[in-house]
*Asks:* 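I'd like to ask some things about the structure below.
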Amino acid sequence: MSSGIHLIFKAGERFTTTNPANGQRLADYAIADATEVNAAIARARQAQQWWSQVPLIRRAALLRRVARLLNESKQALATVITGESGKPMLEALLNDVLVSADAALFCATDAASVMRSEDVPHHNIALRLKRGRIEWEPLGVIGIIAPWNYPLSIPAADTFAALVTGNSVVLKPSELTPQTALALEQVINHALDEEGLTTLPRPVQVILGLGPTGGQLVEGEIDKLIFTGSVSTGRRVAMAAAERLLPVTLELGGKDAMIVLDDADLDVATSAAVWGSMLNAGQTCVSVERCYVQRKIYSKFISQCVQKIQALKVGPGADQQTDVGPLITQRQLHIVEQQVDEARALGAIVQIGGHRLPELGENFYAPTLVTDVDHTMSLMCEETFGPVLPVTPFDADEDAIRMANDSDFGLASSVWGSTRRAEPIARQLQAGTVLVNDLISGFAVAAAPHGGVKHSGLGRTHGRLGLRELVRPRYVDVDLMPSMKKLWWYPYAQNFQPMAAFVDMLHQPGLLARLRASLKTIPLLLRRRR
Ligand code: NDP
């Protein structure tokens with residue numbers, strides 16, 4: 001295997017993972033075929049029967065244990081995550097381990113209020129002798145298909161939400177990061193053992209393999225799918241799900257805009273732009289993919305960003321001095337390179353970077369800042385997913401809003417400047433999350449809903465809205481007068497006029513008119529019902 005390439009190959013029924021920083025082989029795994037995927041779903045279905053009977057208070061206790069175990073294993077987990085994904089250890093620690101532990105605690109504390117049944121008041125007088133309630137029940141088996149870029153925090157947050165609401169899970173991680181998913185499974189199983197919940201089968205089943213293994217999960221007898229990944233795979237998955245009316249939540253790609261107003265704190269905004277575009281080598285669904293800067297501060301903004309990019313240390317994620325690691329694969333590197341090269345050919349100016357760093361390894365690309373870009377370039381329209389910050393100036397606030405909204409995507413956006421100006425602008429941006437004077441962190445707020453508009457996806461994960469997507473309402477209605485037949489049952493003969501009076505009694509304006517109408521309803525009460 002050539003060094004530096006994060007190669008995946010199918011050798012018979014197995015696939016191999018490698019370290020994206022140096023091309024070293026990590027491990028190989030058996031590919032789950034259709035029979036094994038269906039067997040995992042069947043085990044999850046069986047597990048859901050006992051798991052859903054575990055009281056919510058114990059399911060919450062389990063997730064508290066999970067949070068503790070995640071903390072206890074943070075070093076080991078960060079090492080596995082960095083080995084598979086290439087990201088700096090600090091990012092693995094914060095954006096995967098900490099975000100996952102926060103998600104577990106959030107689910108443990110907030111699920112009770114989401115699962116609590118609700119009274120449904122009856123407004124119509126004829127229905128007052130009934131008591132209605134909405135109860136929430138788990139959906140059953142949740143399929144989770146996860147990407148490689150946040151290989152712990154994305155599947156973990158979805159898995160915890162599914163578990164606390166009484167569902168079981170079949171998780172298909174990316175073929176690039178299976179070890180992280182197995183580590184998550186191990187933490188959950190350990191917590192189950194500690195909690196004395198040792199019944200088999202386990203409520204979380206992990207299936208490993210390539211794309212077709214995920215495709216098999218979509219075809220399987222699951223009750224809901226949470227898919228996180230690219231728009232193109234998401235569309236394929238949604239079409240397959242539509243065939244069988246399988247509900248899906250889609251967390252897809254982004255082309256997030258950052259708008260910097262001329263009253264922003266320049267030092268803060270430039271640090272944010274650099275971090276927001278280079279974090280995880282730009283391979284973050286909510287990373288800064290386009291930056292619009294007000295003309296008055298534009299040239300200073302560029303020079304400060306270039307200085308800060310120059311200071312970044314690029315290297316293997318396992319080196320604790322590293323700021324920016326490698327790209328995940330050669331394929332990803334080609335996409336980044338192509339977009340930058342195309343922009344350059346169309347007149348864009350690469351202020352810094354814009355090339356590979358072969359001396360570090362085959363997957364390294366220099367942190368890059370590009371100016372003189374416009375929306376004819378794929379760099380400004382398609383997801384780049386690399387360490388590239390394209391910046392362009394704007395004059396009026398309306399221009400920035402128009403350019404930011406000129407995108408097929410709508411995951412997150414940020415606006416920088418005085419809150420007086422920035423907040424109204426943020427509200428006009430077409431995105432699932434808008435941040436003022438911050439970026440990316442919305443994903444880390446366990447209580448905040450995460451999801452996009454337009455091609456960035458359907459539905460929400462995280463927070464109370466994410467929990468709600470994993471339960472279905474059952475309306476339970478109890479009549480308190482079981483010996484009384486209803487006035488609106490058969491026979492209908494001679495009932496129309498008294499019933500019209502009944503409608504008047506409820507809805508005619510004026511008290512007197514309503515009283516008069518009520519007298520005309522008396523025949524209804526005297527009539528015998530079948
Ligand atoms: P992909 O769409 O390539 O893959 C996502 C998952 O789908 C992987 O587990 C993959 O398996 C699986 N898969 C591939 N083909 C199929 C198929 N036919 N049926 C079912 N599942 C399949 O995305 P990436 O893994 O490359 O992730 C990067 C993308 O994810 C970016 O576009 C990014 O923006 C997006 N993303 C969105 C987030 C959000 O919250 N909105 C968060 C993080 C990332 P395998 O890897 O084995 O091929």
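Remember, it's 1-based here, ligands and their atoms both numbered in the order they're listed.
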*Asks:* Against heavy atoms of Ile145, which atoms of ligand 1 measure under 4.0 Å?
*Replies:* 6 (C), 7 (O), 9 (O), 12 (C), 20 (C), 21 (N)
*Asks:* Among Leu333, Ile335, Val340, whose side chain to side chain contact (heavy atoms under 4.5 Å, CB included) with Glu337 holds?
*Replies:* Leu333
*Asks:* Any idea which atoms of ligand 1 are less than 4.0 Å away from a heavy-atom of Gly214?
*Replies:* 19 (N), 20 (C), 21 (N)
*Asks:* Would you call Phe227 a ligand 1 contact, heavy-atom distance under 4.0 Å?
*Replies:* yes
*Asks:* Flag Trp148 as yes when one of its N or O atoms lies below 3.5 Å from any N or O atom of ligand 1, and as no otherwise.
*Replies:* yes
*Asks:* Within the side chain of Arg344, is there an N or O that forms a donor-acceptor pair under 3.5 Å with the backbone of Gly354?
*Replies:* yes
*Asks:* Within the 4.0 Å heavy-atom shell around Glu175, which atoms of ligand 1 are there?
*Replies:* 45 (P), 46 (O), 47 (O), 48 (O)
*Asks:* Has ligand 1 got any nitrogen or oxygen that is less than 3.5 angstrom from a nitrogen or oxygen of Leu252?
*Replies:* yes
*Asks:* Do we get Lys172 above Phe227's six-membered ring, with its NZ or CZ under 6.0 Å from the centre and within 45° of the axis?
*Replies:* no
*Asks:* Quick one: does Glu469's side chain have a donor or acceptor within less than 3.5 Å of a partner on Thr249's backbone?
*Replies:* no
*Asks:* Take every heavy atom of Gly209, measure it against each atom of ligand 1, and state whether any distance is under 4.0 Å.
*Replies:* yes
*Asks:* Checking the N or O distance criterion of under 3.5 Å, is ligand 1 in contact with Thr228?
*Replies:* no
*Asks:* Would you indicate whether Glu342, at its atom CD, is surrounded by more than 12 heavy atoms from other residues, nucleotides or ligands within a distance under 6.0 Å?
*Replies:* yes
*Asks:* If you count the atoms of ligand 1 from 1 in the order shown, which ones are under 4.0 Å from a heavy atom of Asn149?
*Replies:* 43 (C), 44 (C)
*Asks:* If you count the atoms of ligand 1 from 1 in the order shown, which ones are under 4.0 Å from a heavy atom of Ile154?
*Replies:* 42 (C), 43 (C)
*Asks:* Between ligand 1 and His450, can you find any atom pair, the residue atom being a heavy atom, that is separated by under 4.0 Å?
*Replies:* yes
*Asks:* Is there a heavy atom in Tyr150 that sits closer than 4.0 Å to ligand 1?
*Replies:* no
*Asks:* Are any of the heavy atoms in Pro173 under 4.0 Å away from ligand 1?
*Replies:* yes
*Asks:* If we only consider heavy atoms of Ala146, is any one of them less than 4.0 Å away from an atom in ligand 1?
*Replies:* yes
*Asks:* Output the list of atoms in ligand 1 that are nearer than 4.0 Å to some heavy atom of Pro147, sorted by atom number.
*Replies:* 25 (O), 27 (O), 43 (C), 44 (C)
